> 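This is the structure I want to talk about, given as structure tokens.
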Amino acid sequence: MDTQDSFPQRVYQIIAAIPEGHVTTYGDVAHLAGSPRAARQVGGVLKRLPEGSKLPWHRVVNRHGQISLTGPDLQRQRQALLSEGIVVSGDGHIDMERYRWNY
DNA sequence: GCATTGACGTCGG
DNA sequence: CCCGACGCCAATG
């Protein structure tokens with residue numbers, strides 16, 4: 001067990017705390033993780049997510065309320081969000097005023 | 001330990 | 001409103 005609350009581990013906990021049907025931004029997660037300027041790192045960590053992680057990484061979008069991913073990954077995230085009852089445009093636009101969540 | 005990368009954010013034109 | 005450039009910070013090689 002890693003008693004060290006390293007950055008990625010904190011990110012995991014924060015994302016795991018996002019209620020279903022809601023989303024948050026990389027900047028918010030980074031801020032909650034203790035580094036408000038490490039928004040890139042949040043994405044970097046999620047990109048290299050270890051296999052088996054059940055984290056709802058699809059509930060994390062950029063501050064524009066749009067999915068930052070591209071290609072098949074974008075569509076995968078979009079489908080996941082739709083499955084949670086979140087309305088997502090074909091380009092990945094989400095109504096942040098309605099779904100944005102923060103601790 | 002150094003150099004490169006990147007699922008972001010903010011500013012300027 | 002759209003595009004380009006810079007900055008930030010931690011992970012990865």
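All figures in this text were calculated on a predicted structure; none of them were measured in a lab. Each chain gets a letter, A, B and so on, in the order the sequences are listed, and its residues count up from 1.
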> Whole Å only: how far is the NZ atom of A:K47 from the P atom of B:dT5?
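In whole Å, B:dT5 P lies 11 Å from A:K47 NZ.
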> Please list, chain by chain and in numerical order, all residues satisfying side-chain hydrogen bond (donor to acceptor under 3.5 Å, both in side chains) with A:H93, sequence neighbours excluded.
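With neighbours one apart ignored, the set is A:Q66.
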> What residues form a side-chain hydrogen bond (donor to acceptor under 3.5 Å, both in side chains) with A:S68, not counting sequence neighbours?
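Listed in chain order: A:N62.
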> Can you check whether A:L81 reaches A:I67 side chain to side chain, under 4.5 Å on heavy atoms?
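Sidechains of A:I67 and A:L81: in contact.
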> Using the rule given for side chain to side chain contact (heavy atoms under 4.5 Å, CB included), can you reason through A:V60 versus A:Y26, listing the C-alpha separation, both sets of side-chain angles and the distance that settles it, and then say yes or no?
CA-CA 6 Å; A:V60 186; A:Y26 296 100; 3.4 Å; yes
> Which residues pass the side-chain contact (heavy atoms from CB on, under 4.5 Å) test with A:R100, not counting sequence neighbours?
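A:T25, A:D28, A:M96.
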> Go through DNA chain C in 5' to 3' direction and return only the first and the last nucleotide with some atom under 4.0 Å of chain A's heavy atoms.
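Answer, 5' to 3': C:dG7 to C:dT12.
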> Might you point out which heavy atoms bring A:Y12 and A:P50 nearest each other, and give the distance in Å?
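Nearest heavy atoms, A:Y12 then A:P50: OH-CD, 3.5 Å.
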> Tell me, please, which residues at least two apart from A:R63 pass side-chain hydrogen bond (donor to acceptor under 3.5 Å, both in side chains).
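Per chain and number, A:R63 pairs via side-chain hydrogen bond (donor to acceptor under 3.5 Å, both in side chains) with no residue.
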> Can you list the residues that meet the side-chain contact (heavy atoms from CB on, under 4.5 Å) rule with A:L32, with sequence neighbours excluded?
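Result, side-chain contact (heavy atoms from CB on, under 4.5 Å) vs A:L32: A:I14, A:Y103.
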> Would you please name every residue forming a side-chain contact (heavy atoms from CB on, under 4.5 Å) with A:E84, sequence neighbours left out?
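So A:E84 forms a side-chain contact (heavy atoms from CB on, under 4.5 Å) with A:E20, A:H58, A:R59, A:I86.
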> Check each residue of residues 24-36 of chain A for a non-hydrogen atom within less than 4.0 Å of any atom in DNA chain B, then write out the ones that pass by number, or none.
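Heavy-atom cutoff 4.0 Å gives A:Y26, A:G27.
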> Which pair of heavy atoms, one from A:G85 and one from A:Y99, lies closest together, and at what distance?
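Smallest interatomic distance, heavy atoms only, reads O-OH, 3.8 Å.
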> Out of curiosity, A:I18 CD1 to A:W101 CH2, how far, rounded to the nearest 0.5 Å?
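The CD1 atom of A:I18 sits 6.0 Å away from the CH2 atom of A:W101.
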> Which parts of residues 81-103 of chain A get close to DNA chain B, meaning a heavy atom less than 4.0 angstrom away?
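None - not one residue of the stretch has a heavy atom sitting under 4.0 Å from the strand.
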> Name the residue closer to the 5' end of DNA chain C, choosing between A:R37 and A:P8 according to the nucleotide with the nearest heavy atom.
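In this pair, the answer is A:R37.
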> Output all residues satisfying side-chain contact (heavy atoms from CB on, under 4.5 Å) with A:L82, sequence neighbours left out; order by chain, then residue number.
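A:L82 satisfies side-chain contact (heavy atoms from CB on, under 4.5 Å) with A:R78, A:Q79, A:V88 only.
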> Just distance, no hydrogens or angles: give the donor-acceptor pairs under 3.5 Å from side chains in residues 69-76 of chain A, sequence neighbours left out.
from, atom 1, to, atom 2, distance (Å)
A:D73, OD1, A:R76, NH2, 2.4

> Contact list please: residues 57-74 of chain A against DNA chain B, heavy atoms, distance less than 4.0 Å, in numerical order.
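Going residue by residue through residues 57-74 of chain A, the ones with a heavy atom under 4.0 Å of DNA chain B turn out to be A:W57, A:N62, A:R63, A:S68, A:L69.
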